[in-house]
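What follows is a single structure, written as structure tokens, with notes after it.
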There are 2 protein chains.
Amino acid sequence: MVRTGKGNGGGAGGCGPGIVVGLNAVIIAVTDEEPRVLTVSVPGDTPMEGGAPAAVGEGAETQEALPTGPLDPKGDRTLELALRRWVRAQTGLELGYVEQLYTFGDRFRDPRERRGGPRVLSVAYLALVREGRVAGESPSRWRGVYRFFPWEDWRGGPPSIVERRLLPAVEAWVREAPGRAARELRRERAAVAFGRGRDRWDGERVLDRYELLYEMGLLPETIRDARAAGEKPPEAVARPLPGSSLAFDHRRILATALGRIRGKIRYRPVVFELVPEEFTLLRLQRTVEALSGIRLHKQNFRRLVDSGGLVEGTGRLEQGSRGRPAELFRFRREVILERPAPGVGLPARSR
Amino acid sequence: MVRTGKGNGGGAGGCGPGIVVGLNAVIIAVTDEEPRVLTVSVPGDTPMEGGAPAAVGEGAETQEALPTGPLDPKGDRTLELALRRWVRAQTGLELGYVEQLYTFGDRFRDPRERRGGPRVLSVAYLALVREGRVAGESPSRWRGVYRFFPWEDWRGGPPSIVERRLLPAVEAWVREAPGRAARELRRERAAVAFGRGRDRWDGERVLDRYELLYEMGLLPETIRDARAAGEKPPEAVARPLPGSSLAFDHRRILATALGRIRGKIRYRPVVFELVPEEFTLLRLQRTVEALSGIRLHKQNFRRLVDSGGLVEGTGRLEQGSRGRPAELFRFRREVILERPAPGVGLPARSR
DNA sequence: CTCCTTATGCTCGTTATGAGTATAAATATC
DNA sequence: GATATTTATACTCATAACGAGCATAAGGAG
């Protein structure tokens with residue numbers, strides 16, 4: 001009957017558990033039509049689950065990471081409450097919408113594991129907050145999400161990085177597969193992730209794309225991790241793709257989060273967690289566009305949310321904007337009682 | 001710093017970690033038009049993450065539970081591989097489709113926690129297998145999923161239990177709320193979970209319903225857990241709802257899994273993991289119906305999967321059935337390259 | 001007053017969906 | 001062997017949902 005970790009005692013330090021658990025928060029806001037994520041600075045050698053705060057900014061090179069905190073096994077009633085607790089303490093943010101994202105537990109995702117450190121599990125959460133008010137004095141800041149995934153922002157048409165670097169690299173990767181069968185496999189994986197070209201790009205497959213790029217050796221993480229393992233990178237690539245990285249596997253976690261949001265937005269009214277109580281329809285649309293990374297047809301968006309019962313007009317108008325003043329709307333909570341899956345129903349493809 | 005569990009020492013046995021991690025498998029198959037889940041027998045006092053195998057079947061009353069296994073922090077490269085490993089060892093099953101479901105970590109979900117035991121986290125996985133071949137000699141067996149959720153099977157119309165017990169109880173629960181505000185809150189929660197009546201029942205909200213029923217005190221778990229906590233059940237209910245329970249919070253985990261499958265089936269071609277290589281369209285339809293719990297329109301289902309490009313005919317016919325022989329079809333793998341979200345697109349409501 | 005900008009209303013063709021009707025090809029029954 | 005029964009499969013039809021575009025309204029800037 002399945003004992004955990006065949007002998008809890010076998011792990012690090014003679015008596016340690018061999019496994020430690022941390023909680024991870026992907027906190028998303030949309031400001032200035034840009035989706036943003038809250039990151040913190042950690043010293044270069046910080047263990048993932050925290051550690052002595054090691055005097056941040058004391059000289060050693062710091063990395064950017066997602067906020068991480070502990071579960072107090074004797075105190076926190078649920079994982080989510082634990083997350084809310086330490087996010088409040090760390091950043092001053094009172095989280096609204098929170099959902100569990102995924103639990104990450106690959107071996108060596110914390111490099112210290114190679115030096116006898118414990119296996120580190122992270123239960124990652126996605127949180128949406130309304131504004132960019134970071135109250136904490138902690139070294140946290142809002143970063144544009146597309147800083148980490150430049151290839152995911154199609155609002156201005158196909159990003160040049162996709163055309164110029166990504167697709168050619170993918171094609172080369174498929175071509176250079178060792179053997180016919182491997183080539184077919186790669187072709188299919190590439191087609192699923194990138195939709196065989198600029199057409200058919202599926203906005204939700206953020207994680208598939210990230211993982212493929214990682215595997216192809218196009219990301220700095222690939223080199224970093226291979227070096228840590230004492231191997232040489234899979235296929236030495238001239239230069240990594242543009243786009244910032246994050247410590248540990250946190251860019252992967254962020255990719256998971258972005259994909260989840262893009263999916264969720266279609267069938268649950270989660271956008272409203274990101275806009276003020278009252279908003280113009282354009283603001284709502286821009287928020288959806290920021291997250292989904294594509295442009296939407298204005299009139300149809302209006303029809304969708306208005307006659308779809310997602311919003312109701314307040315009768316009041318927005319002040320101080322260019323052009324004809326827009327009516328302020330608010331979310332119609334009743335819609336969740338009326339329709340099974342009220343979302344904004346993005347088009348399959350952009351444009 | 002966040003060491004896990006602020007005071008690793010406080011836990012079980014003086015040196016325990018305070019947190020232990022287990023993996024949980026919800027293994028689903030569909031046989032005889034019935035969705036089934038693999039369960040195992042555990043002695044009444046088994047700790048969730050396993051422990052000394054305590055001689056199964058030695059007299060003490062046994063409970064039914066989901067298969068559970070460990071993560072070997074030094075050996076298993078990923079959580080999913082760990083799961084595949086011990087499922088193979090325990091049951092002989094070679095899992096095909098596997099996806100992570102959710103991580104459960106509420107306090108006291110393992111009752112031994114109250115007696116100083118460690119906090120037990122379970123990372124639950126959903127696995128789909130083609131046939132009901134349980135090779136292992138372990139005390140595992142296939143149970144009909146609706147044995148645990150009789151109110152979720154609407155294939156024969158609204159289940160009598162819904163009409164006769166569930167909805168009346170829900171209405172009473174709303175009515176008896178302490179105060180006006182609480183009543184409104186309950187009304188809304190009930191409406192979301194149960195769709196304000198036999199109409200608008202959303203098949204995917206399995207977990208919402210389970211949790212509401214738990215909270216209402218309509219399940220044996222409510223009483224069990226309250227007793228373990230030394231409290232009295234929230235609102236003493238005459239008799240619990242029909243439907244088998246599972247050990248620990250495993251019925252909740254199963255509810256999560258069923259809801260996930262029902263959602264997934266709509267936009268990913270996962271049904272094909274549950275039928276043989278070649279199948280008739282009726283068989284495919286019955287499998288979808290078994291999972292979604294509703295009946296579908298035969299001709300439209302055919303149109304959906306056939307002209308939708310999900311399947312292709314083999315030209316061969318099924319042998320030995322009543323009526324006109326049906327053509328055998330197979331899954332068209334190419335569809336995942338062609339369409340972004342190929343699923344079977346269930347109707348919002350039944351009938 | 002005219003142009004520019006944004007908001008909002010409405011139309012139109014296409015596709016998807018829900019519900020049938022009709023016919024075909026087997027086996028079972030008398 | 002004719003007929004009923006059962007299941008498969010092909011089509012039709014009305015309606016809803018969707019994608020794209022035209023047209024008009026209501027502000028400010030020049």
Side-chain angles (χ1 to χ4, degrees), chain A residues 33 199-200 203 266-267 278-289 292 294-329 335 338-351, chain B residues 33 199-200 203 266-267 278-289 292 294-329 335 338-351:
Chain A
E33 309 191 355
D199 205 18
R200 296 179 209 271
R266 302 172 58 114
Y267 60 95
E278 302 195 345
F279 45 82
T280 67
L281 292 188
L282 183 58
R283 166 127 193 213
L284 189 68
Q285 180 181 342
R286 292 288 181 235
T287 306
V288 172
E289 289 174 341
S292 63
I294 57 175
R295 287 266 168 242
L296 300 175
H297 185 268
K298 188 169 180 172
Q299 296 92 320
N300 289 350
F301 181 82
R302 160 179 295 269
R303 175 176 65 188
L304 186 72
V305 299
D306 191 5
S307 50
L310 274 165
V311 300
E312 61 189 356
T314 63
R316 264 166 308 114
L317 300 180
E318 189 190 34
Q319 302 296 331
S321 56
R322 295 201 307 179
R324 174 174 166 179
E327 186 175 3
L328 288 168
F329 286 76
V335 74
E338 298 162 2
R339 299 210 343 235
V344 294
L346 305 169
R349 297 202 302 273
S350 95
R351 283 283 87 173
Chain B
E33 310 191 355
D199 203 19
R200 297 181 209 269
R266 301 171 59 115
Y267 61 95
E278 302 194 345
F279 46 82
T280 66
L281 293 188
L282 184 57
R283 167 130 193 210
L284 189 67
Q285 180 182 343
R286 293 287 181 237
T287 305
V288 172
E289 290 174 340
S292 63
I294 57 175
R295 288 268 169 238
L296 301 174
H297 181 118
K298 188 170 181 172
Q299 296 92 321
N300 289 349
F301 181 82
R302 159 177 294 269
R303 174 178 65 189
L304 186 71
V305 298
D306 191 6
S307 50
L310 273 165
V311 300
E312 61 190 356
T314 64
R316 265 165 309 113
L317 300 180
E318 189 189 34
Q319 303 296 331
S321 55
R322 296 202 306 182
R324 173 174 167 181
E327 186 175 2
L328 288 169
F329 286 76
V335 74
E338 298 163 1
R339 301 218 332 244
V344 293
L346 306 169
R349 297 201 303 272
S350 95
R351 280 283 84 175

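Here is the naming used below: chain letters follow the sequence lines, and residue numbers restart at 1 for every chain.
The nucleotide whose nearest atom lies closest to any side-chain atom of B:N300 is, among D:dG27, D:dA20, C:dG18, C:dG18. Closest approach to the B:R302 side chain among D:dA26, C:dT8, D:dA10 is made by D:dA10 (side chain taken as heavy atoms from C-beta onward). Of all nucleotides listed (D:dT9, C:dT6, D:dA20), D:dT9 comes nearest to the side chain of B:E327. Listed nucleotides: C:dT8, D:dT9, D:dG21. Nearest to the side chain of A:H297: D:dG21. Residue B:R322 has its side chain nearest to D:dT6 when only C:dT8, D:dA20, D:dT6 are considered.
Between A:P325 and A:E318, the shortest heavy-atom contact is CB-O, 3.7 Å. Annotation for A:L281 and A:V311: closest pair CD2-CG2, 4.1 Å, computed over non-hydrogen atoms. Across all non-hydrogen atoms, the minimal contact from B:G308 to B:V335 is O-CG2, 4.1 Å.
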For A:Q285 and A:K298, run side-chain contact (heavy atoms from CB on, under 4.5 Å): C-alpha distance rounded to whole Å, both residues' side-chain angles, the deciding distance at 0.1 Å, then the answer.
CA-CA 8 Å; A:Q285 180 181 342; A:K298 188 169 180 172; 3.6 Å; yes
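Salt-bridge annotation for B:E278 and B:R316: present, with a side-chain N of the basic residue lying under 4.0 Å from a carboxylate O of the acidic one.
To the nearest angstrom, C1' of D:dG19 lies 14 Å from CD of A:Q285. Rounded to whole Å, atom P of C:dA16 lies 13 Å from atom CG of B:L310. In this entry the distance linking CG of A:L328 with P of C:dT6 reads 17 Å, nearest Å. Distance A:R286 CZ to C:dT5 P: 14 Å, rounded to the nearest Å. As rounded to whole Å, 11 Å separates atom C1' of D:dA8 from atom CD of B:E318. A:L304 places its CG atom 13 Å from the C1' atom of D:dA16, with the value rounded to the nearest Å. A straight line from NZ of A:K298 to P of C:dT8 spans 8 Å, rounded to a whole angstrom. In this structure, CG of B:L296 is placed 11 Å from P of C:dA19, rounded to the nearest angstrom.
In this model, a side-chain donor or acceptor of B:Q299 finds a partner on the base of C:dT21 within 3.5 Å.
Within the nucleic acid shown, A:L281 has no heavy atom closer than 4.0 Å to any nucleic acid atom.
In this structure, A:L317 and A:R303 both approach DNA chain D, and ranking their closest nucleotides by distance from the 5' end singles out A:R303.
Contact between the side-chain N/O atoms of B:R324 and the OP1/OP2 oxygens of C:dT27 is not found at any separation under 4.0 Å.
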